[in-house]
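Worksheet for the structure shown next.
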Amino acid sequence: MEKTFVDGLRDVFQSGRSRPLKYRKQQLRALLQLMTERQAEIEEALKQDLNRLTPIENDIKLAECEMAAWAAPQTVRKNFNSALDDVYIKPEPLGVVLIIGTWNYPWAMIFQPLIGAIAAGNAAVVKPSELSEHSAKLMKELLPLYLDKEMYKVVTGGVPETQELLKQRFDHIFYTGSSTVGKAVMEAAARHLTPVTLELGGKSPCFIDKNCDIAVACRRITWGKFANCGQTCIAPDYILCEPSIQDRIVEEIQKTLLEFYQMDPKSSPDYCRIINTRHFDRVLSLMNECTVALGGESDRSQCYIAPTVLRDVLPHFKIMQEEIFGPLLPVVTVNGLSEAIQFINARDKPLALYVFSSDKTVIKRMLTETSSGGVTVNDVLMHYTVDSLPFGGVGNSGMGRYHGKHTFDQLSHHRSCLIKSFALESLNDARYPPLTAARLSKAKFFLGHRLCLCDGVCVWAAVATLIALGLLAALVVVLKQTPA
Amino acid sequence: MECQKLVLERLRTAFRSGVTIPLNFRLTQLEALMLLFEDNENLILEALHEDLAKPKFETVLSEIDIVVNDLCYTISNLQTWMQPTNVGTNLATKLDDCFVRREPLGVVLIIGAWNYPLQLILAPLIGAIAAGNCAILKPSEVSKATEKLLAELIPKYLSQDCFAVLCGGAEETKLLLENRFDHIFYTGSQSVARCILQSAAVHLTPVTLELGGKSPCLIYGRLDMKSAAKRLVWAKFFNAGQSCVAPDYVLCPVETRDLLIPLIKEVLESFYGSDPQQSPDLGRIVTEKHWNYLTELLESSEGKVVIGGDSIKETRYFAPTVVVDVAETDALMKEEIFGPILPILTIKSLDEGIAFINKKEKPLAVYVFSDEPQIVTTVLNGTSSGGFCSNDGIVHMTLPGLPFGGVGASGMGNYHGRWGFETFSHKRGCMLRGWGLERVNVLRYPPYNESNLSWLRWATTAKKKSWAGCSVM
């Protein structure tokens, strides 16, 4: 049954309906309408699942405004032989895209890639996470009411349904979630030679240099760590710092927690819960060997874990072996920047890396000597909010990138086009057999690029300049000769 | 295999040391690669001749010059490409520095193919070096002479700590793929590509696959038949048809076909003489196995051979062959031919031709021969393929500004010129914030309230120049 489903969708795509920019803009506007008109219901579903809505209206508006520019053919430099031809790169839709969402930001993680898929002219199947079941149910209900229900489908369900879906052939799979499942998705995609974008995770380190405004650093880190109860793929996973500032860091985080969530975070409306008891148990067990500096309380009936800071955590502790994805913040002490860099490089490349320092050389070293999906310096999470920055992982934290135009590009095929005429066939003679030495030299000359090596310097610009100078010289001569 | 693991370890250690990062190192290696070509042109010509009986002309154009040109282009532009690119910000992040750094991935694996054994392994290597990686090259074992030459020359010219050649067949490659790489670049067939992708999935390694497919050549409408015949014949029989972007088959109206065939005959004679077997300008089939495959393919075809058809096993010679009356279900239409056999299928309309193309897997290239721009545009907009070229064949891949790669079954990812550099780089989004404006940050902190949320949403709305002119509901 599933096979007919995707094939049917591909037929709809091949009808060409999703190609005109007008259609794509219509669908994006419908999506915006969905978000605006049904905001209350969406927020209610989110509250029941987890937490609050991340605004994506900007992404929709950006795509709508910029789509024509993004979809326009991009001309490229030519060589001598192609001087009279049309040479350009044409972005084209891929076909049917599968978007698998995740439970921590159930609407954003589906809609952000979906916006790019629509803008690029694709059809799409959307598979929201079953763990955020209220959001999944609402999405299944609402999407067909607003979008072209033949072109964009919602499939709900759990692991078996996803596995069935992955047996089918898609033209691109966009997956957000864990590295373990990411591997399974890529393996399934391999059977059909389907390209994938994998937005995974990892342990995003946060280095606090002793030379920085520790109070401000801790405020920012506290915000980024405990928002959504730590269930953010780019949350600062753990802190690296010198032993001399550990106490101060704990103190400042404590102050900030009080300011944010007051005496009892459990009763604060602004503090969330763990998604379910399975994750609750998992996160809690990570505390086992650790020394609690702040928090540590929990209530399984509510899936509540207090904002917790753990001190003097050692590298071999369980909490340092997997992504925490919860409100536990371990502090690992290191003796200086070099050790911190070594520590980071000994582990899988993370999705994000954070460094807090007022010293430019520290920042420079961190940037140049480590690798990560993205970086924010002197804050956390914020690089995610700039849609002109490509967002994605590297190594174990993922492959591919999106946000803004990057999503459009990721879900398009960039087709190289050379439009020639039959003219100047005599130039081509040089490449035809019988292959004499004279012909070879001629062919090398015309196919060669040595005339025009730099992207920024064009033979034509040079020739034009020479002609202009020549004309100027001629003008000067003429003016000189003209009687006063 | 121990040997493989030691090599990999050596390259990883070198990469970790940071030696490949500075611009100077990368330029030195690229220049050394140029020198490799300059010093060894004769050896290269001999090796290619031994593997494929490749004429000097073809070797120079398609194995040497194309790579050297890419080297020049890359060397000239690398410093610019390496610069971080600044990006636009929203109001909330106006005072921040937002930029994208291009960073190397680590140790990459490049697996070559036998049809252009030098180009298809060294052109990707340019991108890998330019992007600051270490690389293992696995040349095709089918083109033995070139494989041997590469194994000998690469260590002489490039840093042995950072670049290595590992030789071997399917078994050795399988073992190699059990290791973790930071990127795998493969040129070859779809069936092997699936295995590679599956091995890559185990380590979450990104891949570039340069595959193939049946690249159709649609000939329709008003056109300069003589020039079309010349360009078609050149593109098809270059390297004895063993090019991933060779026009695989022709689709045209029956009248066009009848005018085309005598012209093709004429062109073939002008290219290779009346007895192509005697011409030094026609390549040979790479192996007896592949020659057998082509011979059997032709035998099982139900079409009619109108040109060529003869072949000689001992010399792996296969005449430039044209077959007509080929049905859609014919043996010649099942897989990529990859040889000097050109089926011509007839169509009654352009729509029929486009529908025919779209029924098949997305090819690496779509070709259209027509003097009518509307026809070219219709085919371009109505099909999908890695690349597209009108009124010629193959040459679109010689332009360094154009990305070269497939889509769907013809591959994923691309390279050439700057695209190679980007393929082997990680684009890292970076934001540098200051310590000031903590008052603005207050808007985002709990306790949350509606008024803060409105301000925040307003401040994070992207303000673009085109906003004024764009109609938002």
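In what follows, chains are A, B, ... by sequence order, proteins preceding strands, each numbered from 1. Being a predicted model, the structure only gives us computed values, none of them experimental.
Looking at residues two or more places apart in sequence or on another chain, you find a salt bridge (charged side-chain N to carboxylate O under 4.0 Å, His left out) between B:R102 and B:E422. Under the salt bridge (charged side-chain N to carboxylate O under 4.0 Å, His left out) criterion, A:D379 pairs with B:R433, B:R444, not counting sequence neighbours.
Taking chain B as the reference chain and counting heavy-atom pairs below 4.5 Å, the highest number among A:G182, A:A188, A:G373, A:A189 is found for A:G373. Contact count versus chain B (heavy atoms, under 4.5 Å) is highest, among A:R401, A:K349, A:R220, A:K90, for A:R220.
Remark: side-chain polar atoms of B:H426 are paired, donor with acceptor, to backbone N or O of A:S372 under 3.5 angstrom. Counting only distance, with no hydrogens or angles, the side chain of B:K362 and the backbone of A:L94 share a donor-acceptor pair below 3.5 Å. Not one N or O on the side chain of B:R428 forms a donor-acceptor pair closer than 3.5 Å with the backbone of A:V394. Side-chain atoms of A:S416 do not come within 3.5 Å of backbone N or O of B:G387 as any donor-acceptor pair.
For B:L211, the part lying under 4.5 angstrom from a heavy atom of chain A is the side chain only. Of the atoms belonging to B:V366, it is side-chain heavy atoms, and not backbone ones, that fall under 4.5 Å from chain A. Using a 4.5 Å cut-off between heavy atoms, B:S279 makes no contact with chain A at all.
Ring pair B:W234/A:Y432 is perpendicular by interplanar angle, where above 60° counts as perpendicular and below 30° as parallel.
The CE atom of A:M382 sits 7.0 Å away from the CG atom of B:D96 when rounded to the nearest 0.5 Å. Atom CE of A:M366 and atom SG of B:C430 lie 13.0 Å apart (nearest 0.5 Å). If you take CG on A:L193 and OG on B:S410, they are separated by 9.5 Å, rounding to the nearest 0.5 Å. For the atom pair OG1 (B:T205) and NZ (A:K183), the distance works out to 9.5 Å, reported to the nearest 0.5 Å. One distance of note links CG of B:L197 with NE2 of A:H192; it measures 11.5 Å at 0.5 Å rounding. Separating the CZ atom in B:F99 from the OG atom in A:S388 is a distance of 12.5 Å, to the nearest 0.5 Å.
When each of B:D224, B:D371, B:D392 is paired with A:K420, the salt bridge (charged side-chain N to carboxylate O under 4.0 Å, His left out) condition holds for B:D392 and for no other.
When only modelled atom types and interatomic distance are considered, B:S384 and A:R415 share no side-chain donor-acceptor pair under 3.5 Å.
Using a cut-off of 4.0 Å between Lys/Arg side-chain N and Asp/Glu carboxylate O, A:D348 and B:R180 are scored as salt-bridged.
Residues B:W435 and A:S358 come closest through the heavy atom pair NE1-OG, 3.1 Å.
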